[in-house]
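Contents: one structure, followed by commentary.
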Amino acid sequence: MQSSPPDNSSKETTGFVADYLLYLLAAASEGASAQFHEEVRNKGLRVPEWRVLACLNDLDGAMITHLAKISLFEQSRLTRIIAQMEERGLVVRQGDPKDGRRVRVFLTDEGRNVAGELVPQAKKHEASLLAQLDQQKASDLKPALQALLATLQKSPDGNR
């Protein structure tokens, strides 16, 4: 007589991982991003390119070192992404007139147009996600995450 494998379905919602903050943050980000990233790909962009465009939409002319920090990319990877985006006409790199060793990244007109189309779509997607929560949880979510990020940025062990 062959035995069936154990039913672990109830363990998927209990236990360490299901209640672990880092898992919850990553899984929520992955789930929330998946739908919008389809919109990004429909615009002919890769997700890393969208992240760069979104950051430059807020901070056009950022230095690559700062852009790496806010776009959550390692600087060497970001440099490759920027080079590909520059080839596609989305961004342009320019030396900093005050310090020739520094490089700043600017949106081109094309990059600005793409960002200008996607940012409102991203805001609409965010509103749709938050509308799925009750009003109190929705209004608490972003401030709680911002407080966590602020705490991590102040921590002495050097998180970002």
If you measure from CG on L67 to CG on L78, what distance do you get to the nearest 0.5 Å?
5.0 Å
Any ring-ring contact (aromatic ring centres under 6.0 Å, His included) pairs touching residues 77-96, not counting sequence neighbours?
none
By side-chain hydrogen bond (donor to acceptor under 3.5 Å, both in side chains) - contacts of Q121 (at least two apart):
none
Determine whether a donor-acceptor pair (N or O, by modelled atom type, separation under 3.5 Å) exists between the side chain of R51 and the backbone of L72.
yes
Using the side chain to side chain contact (heavy atoms under 4.5 Å, CB included) criterion, which residues pair with K124? Sequence neighbours excluded.
none
Please tell me whether Q35 and H125 have a donor and an acceptor in their side chains that are separated by less than 3.5 angstrom.
yes
Only one of R88, H37, M85 forms a side chain to side chain contact (heavy atoms under 4.5 Å, CB included) with L45, so which one is it?
R88
So, N113 versus E117: side-chain donor-acceptor pair below 3.5 Å or not?
no
Within residues 40-69 or reaching into it, pairs that qualify as ring-ring contact (aromatic ring centres under 6.0 Å, His included) - sequence neighbours excluded:
F36-W50
Check side-chain hydrogen bond (donor to acceptor under 3.5 Å, both in side chains) between E126 and all other residues, then give those that pass, not counting sequence neighbours.
K142
Would S76 and E74 count as having a side-chain donor-acceptor pair, cut-off 3.5 Å?
yes
Kindly compute the distance separating OH (Y20) from CG (L25), expressed to the nearest 0.5 Å.
10.0 Å
What is the minimum heavy-atom distance between P48 and I81, and which atoms define it?
CB-CD1, 3.6 Å
By side chain to side chain contact (heavy atoms under 4.5 Å, CB included), which residues pair with Q135, not counting sequence neighbours?
none
Below 3.5 Å, can you tabulate the donor-acceptor pairs from side chains in residues 55-63 to any protein atom, sequence neighbours excluded?
residue, atom, partner, partner atom, Å
D60, OD1, L107, N, 2.7
D60, OD2, R112, NH2, 3.1

Is a side-chain donor or acceptor of S71 paired with a backbone partner of V52 at a separation under 3.5 angstrom?
no
For V103, all residues meeting side chain to side chain contact (heavy atoms under 4.5 Å, CB included), sequence neighbours excluded
I64, R93
So for atom CG, which belongs to D134, do other residues, nucleotides or ligands contribute more than 12 heavy atoms lying within a distance under 6.0 Å?
yes
Hphob cluster co-occupancy, V91 + V119, side-chain heavy atoms under 4.5 angstrom:
yes
Could you tell me the separation between the CD atom of Q136 and the CG atom of L141, rounded to the nearest 0.5 Å?
11.5 Å
Under the ring-ring contact (aromatic ring centres under 6.0 Å, His included) definition, can you give me all pairs with a residue in residues 76-124, not counting sequence neighbours?
none
Of the non-hydrogen atoms in L21 and L148, which two are nearest, and what is the gap between them?
CD2-CD2, 4.4 Å
How far apart are the closest heavy atoms of D96 and K98, and which atoms are they?
OD1-N, 2.8 Å
Apply salt bridge (Lys or Arg N to Asp or Glu O under 4.0 Å) to R102 and list each qualifying residue two or more places apart in sequence or on a separate chain.
D99
Indicate yes or no for a side-chain donor-acceptor contact from S33 to the backbone of S29 under 3.5 Å, with no hydrogens or angles considered.
yes
By side-chain hydrogen bond (donor to acceptor under 3.5 Å, both in side chains), R46 pairs with (sequence neighbours left out) E49, Q84
Please name all residues satisfying side-chain hydrogen bond (donor to acceptor under 3.5 Å, both in side chains) with E38, sequence neighbours left out, ordered by chain then number.
none
Using the rule that two of Ile, Leu, Val, Met, Phe, Trp, Tyr join whenever any of their side-chain heavy atoms come within less than 4.5 Å, decide whether L152 and L145 are in one cluster.
yes
Smallest heavy-atom separation, A115 atom then P120 atom, equals O-CD, 4.2 Å
